Amino acid sequence: MGSQASTLLHDEELEEIKKETGFSHSQITRLYSRFKLAINPVGDWIINAFLPEGEDQVNFRGFLQTLAHFRTIEDNEKSKDVNGPEPLNSRSNKLQFAFRLYDLDKDNKISRDELLRLLCMMVQVNISDKQLGSIADRTIQEADQHGDSFAKVLEKVDVEQKMSIRFLH
């Protein structure tokens, strides 16, 4: 039976989206209805991490490509063609995604100011600027404890566990 996503996306485009994101037809249909809902500020922040420079909106396909970074890696995906493109939900792509989320000005560095802006966006409760600054300073200090960059710290994170969604099954 037809779905709104099926009627608004051509079969060829649906197949391409399924191939590049790993989502099933039914998952794409459910996600399409969610995509049509208003996006909250944190959602905007995530999507903006992947918008091409100068663009301020994301289409449904871009939404799914971003969301695909959060898909769990299924056992049958672990033995995929090694000559094909790296899946969006690979460890490497998840780490790059996580870094880009924090690198608001896209200068390949995460500054204290960027960290503070993100903390304010995420916390949105009664916490003083001084407390937020303290959290940012401790985070940067821990990240730089052994001369590691923030990117190296992210490599130690279990991204498969932290950046996986299971609500689509």
Side-chain angles (χ1 to χ4, degrees), residues 1-78 80-111 113-125 150-151 154-155 157-169:
M1 312 344 162
S3 68
Q4 188 177 11
S6 297
T7 59
L8 295 175
L9 298 171
H10 298 290
D11 288 339
E12 183 178 301
E13 187 175 13
L14 273 170
E15 287 304 314
E16 288 175 10
I17 291 171
K18 284 168 56 176
K19 187 176 183 178
E20 62 186 29
T21 65
F23 291 125
S24 70
H25 185 87
S26 64
Q27 290 170 327
I28 292 171
T29 301
R30 283 191 303 244
L31 288 168
Y32 186 78
S33 65
R34 293 177 185 176
F35 172 75
K36 293 308 232 178
L37 301 173
I39 299 176
N40 67 35
V42 176
D44 287 343
W45 160 50
I46 292 170
I47 297 299
N48 285 334
F50 284 87
L51 283 175
E53 195 66 38
E55 292 194 25
D56 62 354
Q57 290 186 328
V58 65
N59 61 22
F60 180 61
R61 187 175 189 161
F63 170 72
L64 287 184
Q65 289 170 336
T66 299
L67 197 55
H69 288 84
F70 294 94
R71 264 190 346 99
T72 56
I73 298 176
E74 306 294 333
D75 287 337
N76 62 344
E77 291 181 287
K78 293 177 181 171
K80 287 242 177 174
D81 180 14
V82 293
N83 296 325
E86 186 174 10
L88 294 172
N89 63 334
S90 70
R91 177 174 174 73
S92 167
N93 280 331
K94 285 182 179 187
L95 288 170
Q96 289 174 9
F97 180 91
F99 185 84
R100 285 191 301 250
L101 284 175
Y102 288 90
D103 185 17
L104 298 176
D105 62 7
K106 299 177 182 175
D107 67 351
N108 294 319
K109 298 177 208 162
I110 299 169
S111 69
D113 181 55
E114 288 170 315
L115 200 48
L116 277 172
R117 287 175 36 207
L118 292 170
L119 287 170
C120 288
M121 203 183 325
M122 289 188 282
V123 177
Q124 295 184 351
V125 292
F150 213 97
L154 283 175
E155 288 176 7
V157 173
D158 182 2
V159 292
E160 286 76 18
Q161 177 66 30
K162 304 276 187 217
M163 290 181 63
S164 293
I165 52 174
R166 300 181 200 292
F167 68 89
L168 297 172
H169 296 292

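Remember, predicted model here, so these are calculated numbers, not experimental data.
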Would you confirm whether [X], through its side chain, and [Y], through its main-chain N or O, come within 3.5 Å as a donor-acceptor pair?
| X | Y | value |
| --- | --- | --- |
| Asn93 | His69 | no |
| Glu114 | Asp105 | yes |
| Lys106 | Arg100 | no |
| Asp103 | Asp107 | yes |

- [ ] Go through the structure and list residues passing salt bridge (charged side-chain N to carboxylate O under 4.0 Å, His left out) with Lys18, not counting sequence neighbours.
- [x]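 Only Glu15 meet the salt bridge (charged side-chain N to carboxylate O under 4.0 Å, His left out) criterion with Lys18.
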Check your understanding: Mind checking what makes salt bridge (charged side-chain N to carboxylate O under 4.0 Å, His left out) contact with Glu86, not counting sequence neighbours?
Key ->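 Salt bridge (charged side-chain N to carboxylate O under 4.0 Å, His left out) check on Glu86 returns nothing, list empty.
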Got [X] and [Y] here, is their nearest side-chain heavy-atom distance under 4.5 Å?
| X | Y | answer |
| --- | --- | --- |
| Ile28 | Phe60 | yes |
| Leu64 | Tyr32 | no |
| Tyr102 | Leu115 | yes |

Residue pair Ser92, Ser90: steps toward the side-chain hydrogen bond (donor to acceptor under 3.5 Å, both in side chains) verdict: CA-CA 5 Å; Ser92 167; Ser90 70; 4.9 Å; no
- Message: Using 0.5 Å steps for rounding, measure from the CG atom of Leu104 to the CG atom of Leu116.
- Response: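 So the gap between those two atoms works out to 11.0 Å.
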What are the two closest non-hydrogen atoms of Asn89 and Ala68, and how far apart are they?
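Heavy atoms of Asn89 and Ala68 come nearest at CB-O, 3.2 Å.
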query = Which heavy-atom pair separates Ile110 from Phe99 by the least distance, and what is that distance?
reply =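 Shortest heavy-atom separation between Ile110 and Phe99 comes out as CD1-CE1, 3.4 Å.
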**Message:** According to side-chain contact (heavy atoms from CB on, under 4.5 Å), who are the partners of Glu16, at least two apart in sequence or on a separate chain?
**Reply:**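 So Glu16 forms a side-chain contact (heavy atoms from CB on, under 4.5 Å) with Glu12, Arg61.
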